[in-house]
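Report on the structure given below.
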Amino acid sequence: MEAKMTNRLKRLFGEEEDEDEQQEEENYSNHQDEEEQRQRQESNQSSPSSASQSSSSTSSGAAGAAASSSSSSGSSSRSSSSNRSRSSGSGSGSGSDREADEDDTGEVISHSNNDYNNNNSSGYHQNEEDDDEYKDLFGSDNEDYAKTLSKSRFPVPVLPPIRNTNHQTRGGFGRGRWQNDRGAGILPRPGPYPPRQNYGYGSKFFNGHRDERFVSELKFAKSEETLARKCIAFQEPCELACFSRVEGGDVYFDDRSLRLFKRLITEDVGADLNQGFDTFTEKKDLGSQGFGDLLASIRNKNIPLDRMHFVTYRNNLNKIMATAYLRNEPWEMGVHKRKGVVYLDVHKLPERPQSVLDRRRCYWGYCFESLATEDPRRSDGEGIHHVDANVEYCAVVKTKLGAHRVLMGAEMDCCDSTDDGRRFYVELKTSRELEYHTEEKYEREKLLKFWIQSFLAGVPYIVVGYRDDAGRLVRTERLRTKDITHRVKMKNYWQGGVCLAFADEVLCWLYGTVKENEDYILQFTQHSTRLELLQAQSCPDAITDHVQQLNSSTIP
């Protein structure tokens, strides 16, 4: 058995072929030795020596030749036998016995008997190995196999049940859940069970439970390239009315709260925007009351609404147009259709509580507005104090976006006048001083909001005050609204035409979806790819009163 395993290993690693090559080299060397012996004998015969020596040499040469021939024949027979048996052990063992040795007297001693014995032994082992090679390993004569027990002493392994611990709440009922500890099933579970909710992840796979108030949705299916190819007409805004809110909350339908822009604002560079923070009055959330003031100014000027499609504050249109590029800010607004007019009411979403730093940063914007405007009550060199965020001036302008006429209210910061006395509005903004790693975000997001807000109301100029982290005014910059789009166009950050086309898509879908005397909520969730229209429970009192007053005024 050991010889058998040795032969198999040598056959596996190719050692037997190497030994065959060694055998051929040994046969070739034996043949050369025989030739040399013949030449030596011939030279001895030709040399002038005694006849006895010559005859002895001849007889010894013949004997040597016979021995060599027998040795070579034995070697060849052994070589063939070795090739048949593929056994390296027998070939290597007879290599030294095949060689013909020459003694000191010149006689050649043959070892053919040893070769014969080796041949016989190699042949015997060959037959034995052939028998072992073709021996049945699973037969009854195999003692090792016969001693093997028919039954294993090791137990059969049992696999544990499959349990998914990663998503405990997914698929807890309905399709694909069988309570048999075998994991999720393939076939639906029989019985009147509700379908599985929230299947998949993200808005792309959203087919789960919707809000009960759901009415319709607008998916953002069109790409920026598609929207950019649309040419949406936008009519230049025309002011029709205005109103002012003063300290204490009283509203007047005039421009008494409108402030005049201070052209020498650059002289205030280096001013501390924290001055007067202790006496600051924050802006109050008026809710629907603020929308009622807008509707009251419309009635005060007897502006006809029979040809209007939308009445809203500019803030709602800002949200819609900015959503074409900015998807990280959620918002919602009220939608109410009365007598063919869709009223968009402002809804303020709940915010996290503001820290002292947040309130201070908010105040920096109001303080800059006070610095950049003329205040007849403030003497020269007097600091900023008693800033009231509730004091505001609002202009009511008419415009047309696409096929829809829009009447909107827009708060104006201040105004200036040309040499011929024509008045125009100026928007005031504050921003942190730009750095190389913040300039791109500023142009992508803030400039987009600046442009939308000013473009919709026809404001031609924007003055930006840049401040540092401590709230100190660093520098000022005046921007022309129409130049902002050229500034970002080369960098391919955003396009104003895309914002208009997106807003036109929303207004067309919204006006065609809402029904008369129905109330809705239009909402956008953060990082979503759709707008959702939900059913609302009631209409604000400001809109209801407005419609009633319009009806009473038309009755003769």
Side-chain angles (χ1 to χ4, degrees), residues 234 236-246 254-271 273 283 297 313-315 317-318 321-322 362-378 384 387-399 408-434 442-443 445-467 473-488 496:
F234 183 79
E236 184 180 0
C238 176
E239 184 175 351
L240 301 180
C242 66
F243 67 92
S244 300
R245 181 175 284 107
V246 298
D254 52 30
D255 59 355
R256 67 182 65 186
S257 296
L258 181 60
R259 294 174 290 185
L260 184 65
F261 175 68
K262 185 171 65 176
R263 298 179 179 178
L264 300 178
I265 181 61
T266 55
E267 297 179 355
D268 293 322
V269 171
L273 300 179
K283 192 177 185 65
S297 65
Y313 267 112
R314 178 181 56 180
N315 187 26
L317 295 181
N318 292 345
M321 292 184 63
C362 182
Y363 172 74
W364 291 343
Y366 289 107
C367 184
F368 176 72
E369 291 180 1
S370 299
L371 284 176
T373 55
E374 302 286 351
D375 189 356
R377 300 174 301 175
R378 188 175 66 243
I384 305 297
V387 176
D388 191 351
N390 297 283
V391 177
E392 61 182 2
Y393 168 81
C394 183
V396 181
V397 298
K398 179 188 70 172
T399 185
M408 64 179 176
E411 180 184 354
M412 300 298 179
D413 294 331
C414 59
C415 69
D416 199 355
S417 59
T418 59
D419 296 337
D420 56 359
R422 187 174 60 89
R423 188 176 73 177
F424 61 89
Y425 296 110
V426 179
E427 193 73 33
L428 301 176
K429 296 293 182 181
T430 56
S431 176
R432 186 177 180 272
E433 176 65 320
L434 301 180
Y442 170 80
E443 293 180 346
E445 299 182 6
K446 276 202 168 183
L447 280 186
L448 174 61
K449 295 180 180 180
F450 293 171
W451 176 82
I452 293 175
Q453 184 175 0
S454 301
F455 176 79
L456 286 175
V459 179
Y461 293 100
I462 305 172
V463 176
V464 184
Y466 296 93
R467 47 88 185 168
L473 185 63
V474 177
R475 64 182 178 94
T476 61
E477 180 184 12
R478 191 187 72 166
L479 302 175
R480 296 183 65 180
T481 304
K482 63 179 182 181
D483 293 341
I484 295 178
T485 54
H486 299 289
R487 176 176 175 178
V488 299

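What you see below is based on every heavy atom in this structure, not just the backbone, and it leaves out hydrogens, waters and symmetry mates. Here, residue 1 is the first one in the sequence, and each next residue gets the next number. All values reported here derive from a predicted model rather than from experimental measurement.
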### Residue pairs passing the salt bridge (Lys or Arg N to Asp or Glu O under 4.0 Å) test where at least one lies in residues 447-460, sequence neighbours excluded
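Counting only pairs at least two positions apart or across chains, the salt bridge (Lys or Arg N to Asp or Glu O under 4.0 Å) contacts touching residues 447-460 are E329-K449.
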
To the nearest 0.5 angstrom, please state how far the [atom1] atom of [X] sits from the [atom2] atom of [Y].
X    : Y    : atom1 : atom2 : value
D416 : R422 : CG    : CZ    : 11.0 Å
E392 : N390 : CD    : CG    : 7.5 Å
L434 : R432 : CG    : CZ    : 9.0 Å
Y425 : L258 : OH    : CG    : 6.0 Å

Can you sort out the partners of [X] under side-chain contact (heavy atoms from CB on, under 4.5 Å), two or more places apart, ordered by chain and number?
X    : answer
D419 : none
L260 : E374, C415
S244 : D254, R256, S257, Y393
C394 : F243, Y313

Residue list, side chain to side chain donor-acceptor pair (under 3.5 Å) with [X], at least two apart or on another chain:
X    : result
E477 : Y466
R467 : none
K482 : none

Considering non-hydrogen atoms only, spot the tightest contact between [X] and [Y] and give its length.
X    : Y    : result
K398 : L240 : CB-CD1, 3.7 Å
V488 : E443 : CG1-O, 4.0 Å
M408 : L317 : SD-CD1, 3.8 Å

### Message
Run E411 and R314 through salt bridge (charged side-chain N to carboxylate O under 4.0 Å, His left out) and show every step you take.
### Response
CA-CA 8 Å; E411 180 184 354; R314 178 181 56 180; over 6 Å; no

### Test log, rule side chain to side chain contact (heavy atoms under 4.5 Å, CB included), inputs D255 and R423
CA-CA 12 Å; D255 59 355; R423 188 176 73 177; 3.3 Å; yes

Identify, with sequence neighbours excluded, every residue that meets salt bridge (Lys or Arg N to Asp or Glu O under 4.0 Å) alongside [X].
X    : result
E445 : none
K262 : D268
D388 : none

Please tabulate, for the side chains in residues 450-464, all donor-acceptor contacts under 3.5 angstrom to protein atoms that are two or more places apart in sequence or on a different chain.
unit_1: Q453; atom_1: OE1; unit_2: K429; atom_2: NZ; d: 2.8
unit_1: Q453; atom_1: NE2; unit_2: E427; atom_2: OE2; d: 3.2
unit_1: S454; atom_1: OG; unit_2: F450; atom_2: O; d: 3.2

### Message
Set out, in order, the CA-CA distance, both residues' side-chain angles and the distance that settles side chain to side chain contact (heavy atoms under 4.5 Å, CB included) for I384 and Y363, then state yes or no.
### Response
CA-CA 12 Å; I384 305 297; Y363 172 74; 4.0 Å; yes

### Message
What verdict does the side chain to side chain contact (heavy atoms under 4.5 Å, CB included) test give for C414 and L428, after you've listed the backbone C-alpha separation in whole Å, the side-chain angles of each residue and the deciding distance to 0.1 Å?
### Response
CA-CA 8 Å; C414 59; L428 301 176; 3.9 Å; yes

